[in-house]
Each structure stands twice: as structure tokens, then as C-alpha cells.
Amino acid sequence: MNIKVEYFYGIYPSSLYGNLLLVDPLLPLTKCPLNCIICPLRPSKEILHKISIPPGPIMSNLVSRLPLNIKINGLLLWGYGDPLLLTNLGEVVNTLRKFLLEYNVEPLIYIHTSGLLLGEHFNNVDLLNSIEALLVPFLWYGEYKKTFGWTNRVNFVNYIESFKKITEANREKLHIELHIFKHSRNTYPDKLHLEEALIVLRNLKIETVILRPIDRPSHDIHVKPPSKVHVNYVEEKLEENGFKALINDFVQVTSTPTWSSIVDVLYNQVLRIPLKHSEIKALYGDLGIISINNLVSRGLSKQITWNKEVFFKSEPPRFFSYF
């Protein structure tokens, strides 16, 4: 059996957004302007180039893999890179919206982006109105920016100005994700970094902040999950300062989807998102457990022990075929 790297890689059962179809329009190797330490994907070491992709292959992949027997609440565009590197992002988004409507799925499209390319795409109000939200990770912690994956190629002031343009057009479209995690012996955001974050968020006139406690391994082995006490502390501080804090977690699905090809979808999901045994069982059933053991035995996946739990994770082979 020839396992292929595909655009579609399962669903993300979010406590905040519901069950989202996962689409990676860029595919390996990593293509992102930032190297965030909380990202499960290995950092990019290459010069990034903007690209254009035909939407047709993505649609064909979705049609052949679409799960049944489960409610889908939208689609998340993210994977091996920043979707805003697509020069034809508007075409891709509009084609995905038509697909969702045709298959009776809510046409809610979320784009996970570094935020560094916002100004180049979202001067176009029509494009902004055609998506549900932009999800942008917040790792702008003072002197730790570079350590946490920031790039020196971008001026931070100009970066913030591009966010202001989005909030002026439609504040509800910008979802700032405040990641909460331990790194070595320190927990972030600590008191000082949280105060810095509050200043930036007030300046942007952000009203709602999405809290993302890290709950699975990243490419940095020193990143660990925060304590529940610290998550509560951050949530309370945000609300004390007038923000609405919402927590986005990976949750168990209420019913197991029916898949046309479990092993292919599962391989592609653990290629992007490490999954626990219980999560694989919930998403793919007993055949999912058989499939992941098959992938491990063939060297296409491996077990990772993280925070005293076992996760399954894959890396793209040196030589592989795309969908």
C-alpha cells in the first residue's frame, strides 16, 4: 500500500468551533515565516516563496475522504505553512465555500496564520467577509520573541499596524490565540508578559481572546502543558481587564466518524497533529487502532512519550508522493 501526503487530514474537534475539516493547502516541507516553539511541525530553514495552487485537487481529495456520521461545523485552513503565502487565496477560499454549501456543511472557513502577511491579502474586504475568522497565535513576549520563533525580518510596529487594519474593517474576524505553556522551568505568559500582551491587545481594540493551553508535543522538547491553576490565572486576569476569554481545546467527538480510508486519513492527521491512543480510538474507532499500529510497524509513524502520555506522530518521508 502506498501512503500519500494529502491536502485533507481529518477533523479537529474543537471545544470552541465544533468539528472542523482540516485542509493543508501547502503540504510539506514547512513553509511559514515564523518558527513558533509551540508548533508541532518542524521549523522551516528555507527561503519562503509565495505560490499559487489549483483548487481542483483539494476538492477531489475532500470529496473522496469526507467523513460521514458526524456533524461538521466548518473548515480550518492550516498545515505545513501559512495559508497567506497563497497568491490565489481568494480563489481557494471561494471554491471551498462552494464545496461546503454543496455538501450541506456550514460555510465557515477559519484560516490559521502567522499574521505576517495580513496586509497583503486583507485590504480586500470581500476576502475578509468570505471567511469566518483569522486565527493568529500570540507569542510576542518581549525579549523572548526571537527565542519563541519571531523573525528579525519583520518590523513589529508595522506588524501591529496590519492588525489594526483588520480590526477597523471587522474586529470579529480577528481571533488572537494566547498560548499558555511551560518552557523549561518557566510558565508563559508570566505576570510581566501578560501585562505586555494586555497593552498590545488594548491597542488593537481586541475584545475576545482565545486561550490555547498547549496539550500535545511540539517540535521543541522543552515545551510542556501549563497547570490548570495558571490557565485560570490568565483567564481571570484577562476578564479583570475587560476582555472576554474563551478556551479552545481538542475535545472528544460525540460519535465516531465513518471514513472511506482510515489509514490514509490517519497517517495524514498524525503527520500534522500528534494524537493520543484515546483520540485515535474516538476519531477512527477500533480500525484506527489497528491502522496506527500498522503505520508504526512500517516506520511511517512513531510513539512519543510526552508529559507521561503516549502520542503518535509521523514525519514526511524523504521521498514521498503527493495526492
Side-chain angles (χ1 to χ4, degrees), residues 12 14 16-17 20 22-26 30-41 44 48 74-86 89 93 108-124 127-142 144-145 148-151 153-181 188-189 193-194 196-214 218 234 238 243-249:
Y12 188 100
S14 163
L16 187 57
Y17 302 111
L20 300 180
L22 293 166
V23 172
D24 179 356
L26 295 173
T30 310
K31 310 169 188 71
C32 187
L34 298 182
N35 290 324
C36 298
I37 62 171
I38 47 83
C39 183
L41 307 179
S44 170
L48 299 172
L75 183 148
L76 176 63
L77 209 59
W78 177 82
Y80 269 91
D82 190 335
L84 268 60
L85 283 170
L86 295 175
L89 179 62
V93 167
L108 306 179
I109 296 178
Y110 302 86
I111 298 177
H112 196 282
T113 170
S114 67
L116 295 182
L117 304 171
L118 285 177
E120 299 181 26
H121 277 290
F122 291 97
N123 290 326
N124 184 337
L127 179 56
L128 186 61
N129 290 337
S130 67
I131 65 170
E132 184 66 14
L134 294 160
L135 314 183
V136 186
F138 189 107
L139 282 175
W140 315 327
Y141 299 137
Y144 292 102
K145 284 186 182 71
F148 288 170
W150 188 259
T151 173
R153 298 193 297 269
V154 176
N155 181 285
F156 187 68
V157 174
N158 293 339
Y159 177 65
I160 294 301
E161 287 300 315
S162 68
F163 281 85
K164 286 184 177 179
K165 293 179 181 179
I166 301 295
T167 56
E168 288 170 0
N170 191 332
R171 185 182 295 110
E172 300 301 318
K173 297 288 185 176
L174 186 62
H175 290 193
I176 297 294
E177 294 185 337
L178 186 61
H179 287 81
I180 311 174
F181 59 96
Y188 298 93
H193 293 127
L194 186 55
E196 176 194 6
L198 292 173
I199 292 171
V200 174
L201 295 172
R202 284 196 201 97
N203 188 33
L204 291 173
K205 298 181 180 179
I206 296 295
E207 296 176 348
T208 302
V209 180
I210 312 301
L211 301 186
R212 286 294 306 274
I214 295 301
S218 73
V234 174
L238 283 165
F243 296 94
K244 182 179 181 180
L246 301 174
I247 297 180
N248 185 23
D249 286 324

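Fair warning: this is a prediction, and the values are worked out from it, not measured in the lab.
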So which atom in L41 and which in G79 form the shortest heavy-atom distance, rounded to 0.1 Å? CD1-O, 3.1 Å
Roughly how far, to the nearest 0.5 Å, is CG of L127 from NZ of K173? 10.0 Å
Is T151 reaching over with its side chain to a backbone N or O of P33, donor-acceptor style, under 3.5 angstrom? no
What pair of heavy atoms forms the shortest contact from L77 to P83, and how long is it? O-CG, 3.3 Å
Which label fits Y159 and F156: parallel for a plane angle under 30°, tilted from 30 to 60°, or perpendicular past 60°? tilted
With no hydrogens and no angle check, is any side-chain donor or acceptor of N248 less than 3.5 Å from a backbone partner on R212? no
Let me see the working for F163 and I176 under side-chain contact (heavy atoms from CB on, under 4.5 Å), right down to the final yes or no. CA-CA 10 Å; F163 281 85; I176 297 294; 3.9 Å; yes
T113 and its side-chain contact (heavy atoms from CB on, under 4.5 Å) partner, picked from L135, L84, L89, L85: L84
Identify the two heavy atoms, one from D249 and one from P213, that lie closest to each other, and give their separation to 0.1 Å. OD1-CD, 3.9 Å
Worked verdict on I210 versus L16 for side-chain contact (heavy atoms from CB on, under 4.5 Å): CA-CA 9 Å; I210 312 301; L16 187 57; 3.5 Å; yes
Please step through side-chain contact (heavy atoms from CB on, under 4.5 Å) for the pair L134 and H175, ending with a clear verdict. CA-CA 6 Å; L134 294 160; H175 290 193; over 6 Å; no
Distance check, rounded to the nearest 0.5 Å: L198 atom CG versus L238 atom CG? 6.0 Å
What's the separation between atom CG in L201 and atom CD1 in I160, rounded to the nearest 0.5 Å? 8.5 Å
Of the non-hydrogen atoms in L20 and L75, which two are nearest, and what is the gap between them? CD2-N, 4.0 Å
Measuring from atom CD of E161 to atom CG of L118, what distance do you get when rounded to the nearest 0.5 angstrom? 12.5 Å
For the pair K244 and E207, find out whether any cationic side-chain nitrogen is under 4.0 Å from an anionic carboxylate oxygen. no
Less than 6.0 Å separating the ring centroids of F148 and F138? no
Considering all heavy atoms, the nearest S114-C32 contact: CB-SG, 4.2 Å
Heavy atoms only: give me the nearest R171-I206 pair and the separation to one decimal. CD-CA, 4.5 Å
Working to the nearest 0.5 Å, report the span between CG of L211 and OG1 of T208. 10.5 Å
Got a donor-acceptor contact below 3.5 angstrom from the K31 side chain to the L26 backbone? yes
Side chains of R202 and F243 in contact at under 4.5 Å (non-hydrogen atoms): yes
Where the side chain of K205 meets the backbone of T167, is there a donor-acceptor pair that is under 3.5 Å apart? no
Tell me whether K165 is salt-bridged to E168, with the criterion being a basic N under 4.0 Å from an acidic carboxylate O. no
Where do L194 and Y188 land on the side-chain contact (heavy atoms from CB on, under 4.5 Å) test, with the steps shown first? CA-CA 8 Å; L194 186 55; Y188 298 93; over 6 Å; no
Rounded to the nearest 0.5 Å, the CG atom of L116 sits from the OG atom of S162 at a distance of 8.0 Å
Any donor-acceptor pair under 3.5 Å from D24 side chain to Y80 backbone: yes
Just so I know, are the side chains of V136 and L174 near enough to count as touching, which here means a heavy-atom distance under 4.5 Å? yes
